Amino acid sequence: MGQPSHSNIALTLAWQDIRQAYRRSAVGPFWLTIGMALQIVTMGLVFGLIFKTELTEYLPFLATSIIFWGLISTAINDGCMTFISSEAMIKQLEVPHYQYVVRTVWRNLVSAGHNLVILPLVLLFFWRFPSWTLIGLIPGLVILVLNISWLVWLLGMMSARFRDMPPIVSSVMTIAFYVTPVMWYPKLIENNSLAHLLIGLNPLYHWLQIVRLPIMGQWPTWENWGLGLLSAGIGWAVTLMAYKKYRNMIAYWV
């Protein structure tokens, strides 16, 4: 019998992480889905009243935003522990470090896949059907995963070296949640040039737009696509340069 490839090992370990987290649970990872569904309904009702918007428009927008923001923020926070949590394997086995990155990214994609069940239910409830723009979701997801992957790799190395990184990243992501249009419409600040400029410089906003708008029946702007690709290109270049320089130190840092 042939030996499994490193990628297969990483995917298998990711599945084991999920099964281990929900062992003996009756509902399993769908607890996340139930919790997120309750969060979406509660926030949708509250903020729909605050913003005085129609729930038929706001709840599908909020559901899409929360699901993909959950993927981004959880993967980034989880990414900080990519190498630290694999200390024993790194010190005992000679396997490429990228498999730990694949393990983290795949684990978060599977968890997010459970939450995607909410989206068609919300859209069907409000009698909204996908349009041709849905094809844009495929390249949008590819760009999003590329950006998440380099962040997981880079933050994993930085957190292994500097153990203060995980709480710092967690705090930054909490702030980013409020300054990124997750709960509120981007059009609310269109008349504020400074706020519009700050949001335009926020890569998280563009990553969210390239997966959110195709589902909402709109096509992302060229600015969204361009900055999503640009951040992926720069991010991977920086990450690979840092890895080339410090890869031999990871085993000593963890």
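Keep in mind it's a predicted model, so treat the numbers as computed, not measured.
- Between the side chain of T82 and the backbone N or O of G79, at least one donor-acceptor pair lies under 3.5 Å.
- Under the 30°/60° scheme for interplanar angles, the aromatic rings of W236 and W153 are found to stand perpendicular.
- The distance from atom CD1 of I76 to atom CG of L154, rounded to the nearest 0.5 Å, is 11.0 Å.
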- Item | ring pair (Phe, Tyr, Trp, His ring centres under 6.0 Å) between F125 and W127, intermediate numbers included | CA-CA 5 Å; F125 183 81; W127 214 242; over 10 Å; no

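- Taking the six-membered ring where the residue is Trp, F177 and W69 present tilted rings, their angle falling between 30° and 60°.
- Rounding to the nearest 0.5 Å places CG of N77 at 12.0 Å from OG1 of T104.
- In this structure, Y100 and F83 have perpendicular ring planes: the angle between them is above 60°, well past the 30° mark.
- To the nearest 0.5 Å, the span separating CG on L121 from CD1 on I40 amounts to 10.5 Å.
- A distance-only check finds a donor-acceptor pair linking the side chain of S171 to the backbone of P167 [under 3.5 Å].
- Neither side chain, N108 nor T74, offers a donor N or O lying under 3.5 Å from an acceptor on the other.
- Checking side-chain atoms of N224 against main-chain N and O of T221 turns up a donor-acceptor pair under 3.5 Å.
- The main-chain N or O of M173 is never found under 3.5 Å from a side-chain atom of S73 such that the two would form a donor-acceptor pair.
- The two residues P139 and W225 come nearest to each other via the heavy atoms CG-CH2, 3.9 Å.
- In this structure, F129 places its CZ atom where more than 12 heavy-atom neighbours from other residues, nucleotides or ligands lie under 6.0 Å away.
- In terms of heavy-atom proximity, G228 sits nearest to N147 at O-ND2, 3.2 Å.
- Separation of atoms NE2 (H97) and OG (S86) is listed at 9.5 Å; rounding is to 0.5 Å.
- For S65 and R212, the side-chain atoms include at least one donor-acceptor pair closer than 3.5 Å.
- The aromatic rings of Y185 and Y58 lie perpendicular to each other, with more than 60° between the two planes, well past the 30° mark.
- Taking CD of Q92 as the reference point, atom CD of E87 lies at 9.5 Å (rounded to 0.5 Å).
- I148 contributes atom CD1, which lies 4.0 Å from atom CG of L144 (distance to the nearest 0.5 angstrom).
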